[in-house]
Amino acid sequence: QVQLVESGGGLVQAGGSLRLSCAASGMILRFNTAGWYRQAPGKQRELVAAITSGRSTNYADSVKGRFAISRDNAKNTAYLQMNSLKPEDTARYYCHLFSSGRDYWGQGTQVTVSS
């Protein structure tokens, strides 16, 4: 089975940057979609960014121009570069993969942005 492990979360001042990483292991089909979701207390989980195996991307309106998703297939890793962070970005961030007709989730990594 596929396993996803996130890293890179932490505390940062408003206006700062963080880079999240998602390392995948297991059998992953060539054609797949990876993404980052986030969930804050009292809020539903929302899609932040997604990237296909062809490197087509999509972003939530709230992060366009500030966040960038990328992937390195040779390293089986996806990234989320987060710049100009705002307190509203505070949430637990989850890596997601859709492959072989199934959804896979990481355990999440906490991002806290102070004002």
Could you list all the salt bridge (Lys or Arg N to Asp or Glu O under 4.0 Å) pairs where at least one residue sits in residues 33-43, not counting sequence neighbours?
->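 As it turns out, the salt bridge (Lys or Arg N to Asp or Glu O under 4.0 Å) pairs with a partner in residues 33-43, which skip direct neighbours, are R38-E46, R38-D89.
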
Any pair with a residue in residues 91-107 that passes salt bridge (Lys or Arg N to Asp or Glu O under 4.0 Å), sequence neighbours left out, goes on the list, sorted by first then second residue, please.
-> none

Y37 ring center within less than 6.0 Å of W105 ring center = yes

ILVMFWY network linking W36 to F67, side-chain heavy atoms under 4.5 angstrom =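 Result: yes, single cluster for both.
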
Hydrophobic cluster of [X], others only, ordered by chain and residue number, side-chain cut-off 4.5 Å:
X	answer
Y79	none
L29	none
M27	none

Show the numbers, then the answer: is there a side-chain contact (heavy atoms from CB on, under 4.5 Å) between V111 and T90?
-> CA-CA 5 Å; V111 172; T90 295; 5.9 Å; no

Heavy-atom check, side chain of [X] versus side chain of [Y], under 4.5 Å:
X	Y	answer
I28	L97	yes
N32	F98	no
I69	Y59	yes

So which pairs with a foot in residues 47-58 pass side-chain hydrogen bond (donor to acceptor under 3.5 Å, both in side chains), sequence neighbours left out?
-> none

Which pair of heavy atoms, one from [X] and one from [Y], lies closest together, and at what distance?
X	Y	answer
A40	A91	N-CB, 3.9 Å
A34	R71	N-NH1, 4.1 Å
L85	L18	CD1-N, 3.9 Å

Summary of disulfide bond (SG atoms under 2.5 Å apart) pairs that have at least one residue in residues 26-72, sequence neighbours excluded |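 Non-adjacent pairs meeting disulfide bond (SG atoms under 2.5 Å apart): zero.
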
Set of residues satisfying salt bridge (Lys or Arg N to Asp or Glu O under 4.0 Å) with respect to [X], sequence neighbours excluded:
X	answer
K64	D61
E88	none
R45	none

Donor-acceptor contacts, no H, no angles, side chain residues 1-16, under 3.5 Å, sequence neighbours left out:
| residue | atom | partner | partner atom | Å |
| --- | --- | --- | --- | --- |
| E6 | OE1 | Q107 | N | 3.0 |
| E6 | OE1 | G108 | N | 2.9 |
| E6 | OE2 | C95 | N | 2.8 |
| E6 | OE2 | G108 | N | 3.1 |
| Q13 | OE1 | S114 | OG | 3.2 |

side-chain contact (heavy atoms from CB on, under 4.5 Å) involving R30 - partner list, sequence neighbours excluded =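 Partners of R30 by the side-chain contact (heavy atoms from CB on, under 4.5 Å) criterion come out as none, since no residue qualifies.
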
Show your working on side-chain contact (heavy atoms from CB on, under 4.5 Å) between M82 and L20 and close with a plain yes or no.
-> CA-CA 8 Å; M82 304 185 293; L20 307 183; 3.8 Å; yes

Indicate whether the side chain of S17 and that of N83 have a donor and an acceptor atom separated by less than 3.5 Å.
-> yes

From S25 OG over to Y104 OH, what is the distance, rounded to the nearest 0.5 angstrom?
-> 11.0 Å

